[in-house]
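In the text below, chain A, chain B and the rest are named by the order of the sequence lines, each starting its count at 1.
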Number of protein chains: 2
Amino acid sequence: MFSKACEYGIRAAVYVALQSLDGRRVSVNEIAEEIDSPIAFTAKILQQLSRSKVIHSVKGPTGGFELDRTEMDTVKISTIVHAIDGDDIYVGCGLGLKECNAQKPCPLHDKFVDIRNDLKNMLENTSLYELATGLEVGLTYLKR
Amino acid sequence: MFSKACEYGIRAAVYVALQSLDGRRVSVNEIAEEIDSPIAFTAKILQQLSRSKVIHSVKGPTGGFELDRTEMDTVKISTIVHAIDGDDIYVGCGLGLKECNAQKPCPLHDKFVDIRNDLKNMLENTSLYELATGLEVGLTYLKR
DNA sequence: TCAATAAAGGATAATTTTGTCCTATTTATT
DNA sequence: AATAAATAGGACAAAATTATCCTTTATTGA
């Protein structure tokens with residue numbers, strides 16, 4: 001479904017959001033530790049998210065990653081998926097055809113579009129804030 | 001969503017089903033040509049589908065791949081996905097957690113399960129026959 | 001029996017994705 | 001100013017996926 005990079009990216013962003021709720025800025029090392037991901041690879045992904053303005057990064061001592069409260073509402077999971085995996089999941093054909101659309105559909109097109117719209121809506125309507133608060137109250141987990 | 005191998009596999013199987021409706025057995029070369037896929041790679045995938053009893057293969061001159069009419073109803077797209085990509089798409093966590101379930105869910109778990117069940121149901125309720133007939137009447141396409 | 005045809009299978013190559021390591025840059029603190 | 005902590009970024013390595021090539025096996029038909 002999502003690439004590994006994207007999975008780590010979502011988990012990392014949710015963790016950053018969670019800590020930002022408490023005003024804590026977090027380092028790559030802490031993030032990788034807390035979401036159980038490879039450190040250097042996670043650093044690359046955070047870089048990418050930072051470049052695409054999904055999260056903020058601050059260099060130097062006391063630096064790290066953070067999100068402000070309004071961004072947690074604005075940034076949806078779809079934002080992250082788009083920043084890392086591009087729009088394949090939203091526009092690509094389920095059977096890999098280059099030109100597949102309502103006019104010239106693949107055999108699975110109509111059924112696939114339905115599922116994908118549900119996925120798209122779900123991702124577009126789920127904010128980092130929503131997921132971070134679920135974590136905060138201990139309903140959900142980011143490791144293992 | 002699906003691997004390339006799986007995309008080719010589904011397209012190949014639908015084409016085999018389509019031709020089998022007319023009692024025609026088809027070769028790897030014809031299949032690859034008609035679904036616009038790499039020949040040798042497609043051969044590997046057909047081998048895999050044949051070994052897992054999704055389609056029949058016949059060696060020698062006049063040989064090729066075929067499906068009988070009852071199998072086209074029995075074989076669902078889920079059968080093919082399972083044979084090629086395994087059960088990742090059905091059981092894996094959306095965020096890549098090793099242990100993610102209702103008891104210890106990832107932040108996206110509940111929402112993800114809903115989408116995935118829809119996908120699962122769609123794949124389990126779509127037969128090769130259904131897709132082959134759509135192709136036959138010119139409603140759908142397997143190329144480009 | 002022989003030749004030709006088609007799938008099966010093994011070995012290997014190319015590409016993409018995932019992951020690591022090291023250096024550069026920025027910045028807070030002393 | 002010097003040091004140390006942290007992200008940024010480049011180069012590279014490992015693993016997985018995608019793809020190709022060649023040989024073997026089975027089978028048909030002349």
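By the 4.0 Å N-to-carboxylate-O rule, A/Lys111 lies close enough to B/Glu130 to be salt-bridged with it. The residues B/Arg25 and B/Glu30 are annotated as not salt-bridged, no charged nitrogen and carboxylate oxygen being separated by less than 4.0 angstrom.
When the P atom of C/dG9 is taken as reference, atom CD1 of B/Ile45 falls 15 Å away, rounded to whole Å. In this structure, A/Lys44 atom NZ and D/dC12 atom P are separated by 13 Å, rounded to whole Å. Here the P atom of nucleotide C/dA7 and the CD1 atom of B/Ile39 are 11 Å apart, to the nearest Å. The distance from atom CZ of A/Phe41 to atom C1' of D/dA15 is 12 Å, rounded to the nearest whole Å. One interatomic measurement links the two molecules: CG of A/Leu49 to P of D/dA8, which rounds to 11 Å at whole-angstrom precision. One interatomic measurement links the two molecules: CG of B/Asp85 to C1' of D/dA16, which rounds to 13 Å at whole-angstrom precision. Rounded to an integer number of Å, the gap from CD of A/Gln48 to C1' of C/dG19 is 14 Å. Rounded to whole Å, atom C1' of D/dG29 lies 18 Å from atom NZ of B/Lys59.
A/Gln47 is not listed as a side-chain neighbour of A/Ser50, based on a closest heavy-atom distance of 4.5 Å or more.
In this structure, A/Arg51 and A/Thr62 both approach DNA chain D, and ranking their closest nucleotides by distance from the 5' end singles out A/Thr62. Comparing A/Asn29 and B/Thr42, the nucleotide of DNA chain D nearest to each residue sits closer to the 5' end for A/Asn29. In terms of position along DNA chain C, the nucleotide closest to B/Val28 lies nearer the 5' end than the nucleotide closest to the other residue of the pair A/Gly60 and B/Val28.
Distances shorter than 4.0 Å separate none of the side-chain N or O atoms of B/Ser57 from OP1 or OP2 on C/dA6. When the side-chain nitrogen and oxygen atoms of B/Arg25 are compared with OP1 and OP2 of C/dA7, none of them lie within a distance under 4.0 Å. The phosphate of D/dT18 has neither OP1 nor OP2 within less than 4.0 Å of any side-chain N or O from B/Tyr8. Note on A/Gln47: a side-chain N or O is less than 4.0 Å away from OP1 or OP2 of D/dG9.
Summarising the geometry of B/Lys76 relative to B/Glu124, their closest heavy-atom pair is CG-O, 3.3 Å, with the distance given to 0.1 Å. Heavy atoms only, all atoms of each residue included: B/Cys106 and B/Cys100 are closest at N-SG, 3.3 Å.
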